[in-house]
**Student:** 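What follows is a structure written as C-alpha coordinates; I'll ask about it next.
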Amino acid sequence: MRVVDMHRTIASPIGEVFDWMTDATNYHRVPAVRRVILVRPGDTHGHGVGAIRVVHTPLFRMTEEILEFERPTFMRYYIPRSTPPLRHDEGFMRFEEVPGGTHVRWYTRFEVKARFASDLFTLMMVPLITTGFRFALDTCEQELRQNKKN
(Lines give C-alpha, C1' and ligand atoms only; values in the text may rest on other atoms or scores of the structure.)
Protein backbone atom coordinates (compact mmCIF):
# COMPACT_ATOMS: atom_id res chain seq x y z
CA MET A 1 0.00 0.00 0.00
CA ARG A 2 1.12 3.54 -0.75
CA VAL A 3 0.00 6.80 0.84
CA VAL A 4 -0.59 10.26 -0.56
CA ASP A 5 -0.92 12.71 2.33
CA MET A 6 -1.23 16.30 1.13
CA HIS A 7 -1.51 19.39 3.34
CA ARG A 8 -2.47 22.91 2.24
CA THR A 9 -3.68 26.08 3.93
CA ILE A 10 -6.21 28.02 1.87
CA ALA A 11 -6.94 31.64 2.77
CA SER A 12 -10.73 31.22 2.96
CA PRO A 13 -13.27 30.34 5.66
CA ILE A 14 -13.55 26.67 6.61
CA GLY A 15 -17.16 26.33 5.40
CA GLU A 16 -16.33 27.64 1.92
CA VAL A 17 -13.27 25.41 1.57
CA PHE A 18 -15.15 22.34 2.84
CA ASP A 19 -18.10 22.97 0.52
CA TRP A 20 -15.87 23.45 -2.53
CA MET A 21 -13.59 20.47 -1.87
CA THR A 22 -16.33 17.97 -0.98
CA ASP A 23 -18.57 18.86 -3.94
CA ALA A 24 -16.99 16.70 -6.65
CA THR A 25 -18.99 18.48 -9.35
CA ASN A 26 -16.52 21.37 -8.87
CA TYR A 27 -13.80 19.04 -10.12
CA HIS A 28 -14.86 19.36 -13.76
CA ARG A 29 -12.99 22.71 -13.61
CA VAL A 30 -9.81 21.03 -12.34
CA PRO A 31 -7.12 20.50 -15.00
CA ALA A 32 -7.11 16.91 -16.31
CA VAL A 33 -10.59 16.08 -14.96
CA ARG A 34 -12.81 15.35 -17.94
CA ARG A 35 -16.13 14.64 -16.26
CA VAL A 36 -17.74 14.15 -12.86
CA ILE A 37 -21.09 12.45 -12.39
CA LEU A 38 -23.10 12.41 -9.17
CA VAL A 39 -24.64 8.94 -9.56
CA ARG A 40 -26.51 8.93 -6.26
CA PRO A 41 -26.96 11.85 -3.85
CA GLY A 42 -26.17 11.45 -0.18
CA ASP A 43 -28.67 11.00 2.60
CA THR A 44 -28.87 14.58 3.87
CA HIS A 45 -26.59 16.43 1.44
CA GLY A 46 -25.90 15.93 -2.26
CA HIS A 47 -22.33 14.87 -1.54
CA GLY A 48 -22.97 13.53 1.97
CA VAL A 49 -23.04 10.02 3.39
CA GLY A 50 -24.08 7.48 0.78
CA ALA A 51 -23.31 9.69 -2.20
CA ILE A 52 -21.75 7.91 -5.13
CA ARG A 53 -19.87 9.88 -7.75
CA VAL A 54 -17.71 8.96 -10.72
CA VAL A 55 -14.64 11.00 -11.69
CA HIS A 56 -13.05 10.62 -15.15
CA THR A 57 -9.53 11.75 -16.07
CA PRO A 58 -7.48 10.81 -19.14
CA LEU A 59 -5.53 8.16 -17.18
CA PHE A 60 -7.84 7.24 -14.34
CA ARG A 61 -11.52 6.60 -13.66
CA MET A 62 -12.87 6.08 -10.16
CA THR A 63 -16.14 5.58 -8.37
CA GLU A 64 -16.23 7.12 -4.89
CA GLU A 65 -18.67 6.37 -2.10
CA ILE A 66 -18.93 8.88 0.76
CA LEU A 67 -18.80 7.09 4.12
CA GLU A 68 -18.66 10.03 6.56
CA PHE A 69 -19.62 13.66 6.10
CA GLU A 70 -19.25 16.03 9.05
CA ARG A 71 -19.56 19.57 7.71
CA PRO A 72 -17.29 21.56 7.92
CA THR A 73 -14.47 19.42 9.31
CA PHE A 74 -14.34 15.91 7.85
CA MET A 75 -15.25 13.74 4.86
CA ARG A 76 -14.24 10.09 4.43
CA TYR A 77 -14.62 8.13 1.21
CA TYR A 78 -13.97 4.73 -0.32
CA ILE A 79 -13.14 3.80 -3.93
CA PRO A 80 -14.94 0.52 -4.71
CA ARG A 81 -14.22 0.62 -8.47
CA SER A 82 -11.55 2.21 -10.61
CA THR A 83 -9.56 1.88 -13.79
CA PRO A 84 -6.83 0.88 -13.28
CA PRO A 85 -8.24 -1.26 -10.47
CA LEU A 86 -7.19 -0.19 -6.98
CA ARG A 87 -7.32 -1.74 -3.58
CA HIS A 88 -8.33 1.35 -1.58
CA ASP A 89 -8.60 1.12 2.18
CA GLU A 90 -8.66 4.74 3.36
CA GLY A 91 -9.41 8.17 1.99
CA PHE A 92 -10.40 11.34 3.79
CA MET A 93 -10.28 15.12 3.84
CA ARG A 94 -9.90 16.91 7.17
CA PHE A 95 -10.46 20.66 7.51
CA GLU A 96 -9.26 22.84 10.39
CA GLU A 97 -9.68 26.54 10.95
CA VAL A 98 -6.23 28.13 11.37
CA PRO A 99 -4.94 31.71 11.44
CA GLY A 100 -5.18 32.97 7.87
CA GLY A 101 -7.69 30.42 6.59
CA THR A 102 -8.34 26.70 6.50
CA HIS A 103 -5.84 23.87 6.74
CA VAL A 104 -6.78 20.95 4.47
CA ARG A 105 -5.36 17.47 4.87
CA TRP A 106 -6.22 15.09 2.00
CA TYR A 107 -5.13 11.52 2.66
CA THR A 108 -5.47 8.30 0.68
CA ARG A 109 -3.96 4.80 0.97
CA PHE A 110 -4.12 2.44 -2.00
CA GLU A 111 -2.40 -0.06 -4.22
CA VAL A 112 -2.91 -1.05 -7.84
CA LYS A 113 -4.40 -4.53 -8.24
CA ALA A 114 -2.28 -6.28 -10.85
CA ARG A 115 -1.24 -9.87 -11.51
CA PHE A 116 2.38 -8.82 -11.76
CA ALA A 117 4.40 -5.71 -10.89
CA SER A 118 1.70 -4.38 -8.57
CA ASP A 119 4.33 -2.53 -6.52
CA LEU A 120 5.72 -0.85 -9.63
CA PHE A 121 2.28 0.18 -10.93
CA THR A 122 1.32 1.46 -7.47
CA LEU A 123 4.52 3.49 -7.29
CA MET A 124 3.73 4.96 -10.73
CA MET A 125 0.24 6.02 -9.53
CA VAL A 126 1.57 8.03 -6.57
CA PRO A 127 2.69 11.07 -8.63
CA LEU A 128 -0.54 10.97 -10.67
CA ILE A 129 -2.70 11.04 -7.56
CA THR A 130 -0.48 13.64 -5.91
CA THR A 131 -0.77 15.86 -8.99
CA GLY A 132 -4.55 15.38 -9.08
CA PHE A 133 -4.85 16.40 -5.42
CA ARG A 134 -2.62 19.43 -6.06
CA PHE A 135 -4.66 20.50 -9.12
CA ALA A 136 -7.92 20.23 -7.12
CA LEU A 137 -6.52 22.24 -4.20
CA ASP A 138 -5.06 24.85 -6.59
CA THR A 139 -8.40 25.22 -8.38
CA CYS A 140 -10.29 25.52 -5.09
CA GLU A 141 -7.87 28.18 -3.86
CA GLN A 142 -8.05 30.16 -7.12
CA GLU A 143 -11.83 30.07 -7.35
CA LEU A 144 -12.38 31.04 -3.71
CA ARG A 145 -9.86 33.89 -4.09
CA GLN A 146 -11.67 35.02 -7.25
CA ASN A 147 -15.03 34.93 -5.43
CA LYS A 148 -13.62 37.29 -2.77
CA LYS A 149 -12.70 39.81 -5.46
CA ASN A 150 -16.19 39.80 -6.99
Side-chain angles (χ1 to χ4, degrees), residues 1-39 42 45-49 51-114 118-148:
M1 292 286 217
R2 293 288 176 161
V3 168
V4 174
D5 191 5
M6 184 159 296
H7 295 256
R8 169 87 59 95
T9 298
I10 296 175
S12 290
I14 190 170
E16 291 177 16
V17 176
F18 179 91
D19 291 345
W20 197 102
M21 289 299 301
T22 60
D23 182 344
T25 58
N26 288 322
Y27 293 8
H28 77 274
R29 297 186 302 276
V30 172
V33 173
R34 297 292 181 243
R35 185 173 47 169
V36 178
I37 302 164
L38 180 60
V39 175
H45 182 278
H47 294 274
V49 173
I52 295 178
R53 59 244 195 129
V54 179
V55 180
H56 296 262
T57 73
L59 301 175
F60 190 61
R61 178 182 187 262
M62 68 177 170
T63 300
E64 293 179 324
E65 181 175 353
I66 306 307
L67 303 176
E68 291 181 57
F69 189 88
E70 300 168 15
R71 186 182 188 282
T73 59
F74 187 73
M75 191 266 290
R76 186 167 66 93
Y77 63 95
Y78 170 65
I79 300 173
R81 287 177 301 287
S82 64
T83 305
L86 297 181
R87 195 169 293 111
H88 183 258
D89 73 347
E90 183 71 22
F92 66 82
M93 292 182 198
R94 186 172 302 282
F95 303 83
E96 180 182 359
E97 208 163 11
V98 296
T102 302
H103 179 261
V104 181
R105 179 182 183 198
W106 193 349
Y107 176 96
T108 192
R109 186 172 52 226
F110 66 94
E111 67 184 354
V112 174
K113 289 192 237 178
S118 178
D119 290 342
L120 176 62
F121 291 132
T122 300
L123 191 59
M124 291 168 55
M125 285 294 292
V126 169
L128 295 174
I129 291 173
T130 300
T131 300
F133 282 15
R134 186 173 297 116
F135 283 167
L137 289 162
D138 289 348
T139 303
C140 172
E141 190 168 28
Q142 291 165 4
E143 289 190 2
L144 292 178
R145 187 177 330 125
Q146 187 65 27
N147 289 344
K148 285 182 184 178

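In this chain, numbering begins with 1 at the start of the sequence shown. All values below come from the heavy atoms of this structure, side chains included, with hydrogens, waters and symmetry mates left out.
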**Student:** Walk me through it: do Met21 and Leu137 pass the test side chain to side chain contact (heavy atoms under 4.5 Å, CB included)?
**Tutor:** CA-CA 8 Å; Met21 289 299 301; Leu137 289 162; 3.7 Å; yes
**Student:** Evaluate Thr57 against Tyr27 for side chain to side chain contact (heavy atoms under 4.5 Å, CB included), listing each step before the verdict.
**Tutor:** CA-CA 10 Å; Thr57 73; Tyr27 293 8; over 6 Å; no
**Student:** Which distance, rounded to the nearest 0.5 Å, do you find between the CZ of Arg76 and the CE of Met93?
**Tutor:**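 Output value for this atom pair is 14.0 Å.
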**Student:** Quick one: pull up OG1 in Thr108 and CD1 in Ile79 and give me the separation to the nearest 0.5 Å.
**Tutor:**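 That separation rounds to 5.0 Å.
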**Student:** Report yes if some heavy atom in the side chain of Thr139 is under 4.5 Å from a heavy atom in the side chain of Asn26; otherwise report no.
**Tutor:** no
**Student:** Should His56 and Ile37 count as side-chain neighbours, where that means a heavy-atom distance under 4.5 Å?
**Tutor:** yes
**Student:** Please lay out, stage by stage, how Val112 and Arg2 fare under the test side chain to side chain contact (heavy atoms under 4.5 Å, CB included).
**Tutor:** CA-CA 9 Å; Val112 174; Arg2 293 288 176 161; over 6 Å; no
**Student:** Applying side chain to side chain contact (heavy atoms under 4.5 Å, CB included), run through Tyr78 and Phe92 and close with a yes or a no.
**Tutor:** CA-CA 9 Å; Tyr78 170 65; Phe92 66 82; over 6 Å; no
**Student:** Closest heavy-atom contact between Val4 and Ile129?
**Tutor:** CG2-CG2, 3.9 Å
**Student:** Quick one: pull up OG1 in Thr102 and CZ in Phe18 and give me the separation to the nearest 0.5 Å.
**Tutor:** 11.5 Å
**Student:** Do you know the tightest heavy-atom contact between Gly46 and Ala51?
**Tutor:**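 Looks like O-CB, 3.5 Å.
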**Student:** Search all heavy atoms of Ala114 against all heavy atoms of Phe121 and return the closest pair with its distance.
**Tutor:**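 Residues Ala114 and Phe121, closest heavy atoms: CB-CD1, 3.8 Å.
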**Student:** Tell me which donor-acceptor pairs under 3.5 Å the side chains of residues 6-15 have, and how far apart each pair is, sequence neighbours excluded?
**Tutor:**
{"unit_1": "His7", "atom_1": "ND1", "unit_2": "His103", "atom_2": "NE2", "d": "3.2"}
{"unit_1": "His7", "atom_1": "NE2", "unit_2": "Asp5", "atom_2": "OD1", "d": "3.4"}
{"unit_1": "Arg8", "atom_1": "NH1", "unit_2": "Asp138", "atom_2": "OD1", "d": "2.9"}
{"unit_1": "Arg8", "atom_1": "NH1", "unit_2": "Glu141", "atom_2": "OE1", "d": "3.0"}
{"unit_1": "Arg8", "atom_1": "NH2", "unit_2": "Asp138", "atom_2": "OD1", "d": "2.8"}

**Student:** Would you compute the distance between atom CD of Glu143 and atom CZ of Arg29 and round it to the nearest 0.5 angstrom?
**Tutor:**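 One finds 4.0 Å between CD of Glu143 and CZ of Arg29.
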**Student:** Should Met1 and Asp89 count as side-chain neighbours, where that means a heavy-atom distance under 4.5 Å?
**Tutor:**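 The answer is yes; the side chains approach within 4.5 Å.
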**Student:** Mind checking the NE2-CD spacing from His47 to Glu64? Nearest 0.5 Å is all I need.
**Tutor:**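 The NE2 atom of His47 sits 10.0 Å away from the CD atom of Glu64.
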**Student:** Any idea which heavy atoms bring Trp106 and Ala136 closest together, and the distance?
**Tutor:** CZ3-CB, 3.7 Å
**Student:** Within the distance-only criterion (no hydrogens, no angle test), does the side chain of Ser118 pair as donor or acceptor with the backbone N or O of Lys113 below 3.5 angstrom?
**Tutor:**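 Judged by distance alone, no pair lies under 3.5 Å.
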**Student:** Please examine the side chains of Pro31 and Phe135, heavy atoms only from C-beta on, and report whether any two atoms are closer than 4.5 Å.
**Tutor:** yes
**Student:** To the nearest 0.5 Å, what is the distance between CZ (Arg105) and CZ (Arg94)?
**Tutor:** 7.5 Å
**Student:** With a 6.0 Å cut-off on ring centres, are Tyr107 and Phe133 close enough?
**Tutor:**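 No: the rings miss the under 6.0 Å criterion.
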**Student:** How close do Pro84 and Phe60 get, heavy atom to heavy atom, and via which atoms?
**Tutor:**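 Between these two residues, the closest heavy atoms are CD-CD1, 3.6 Å.
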**Student:** Please work out which of the three classes, parallel, tilted or perpendicular, describes the rings of His88 and Tyr77, given edges at 30° and 60°.
**Tutor:** parallel
**Student:** For Cys140 and Trp20, which heavy atoms make the closest approach, and how far apart are they?
**Tutor:**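 For Cys140 and Trp20, the tightest heavy-atom pair comes out as CB-CE3, 3.3 Å.
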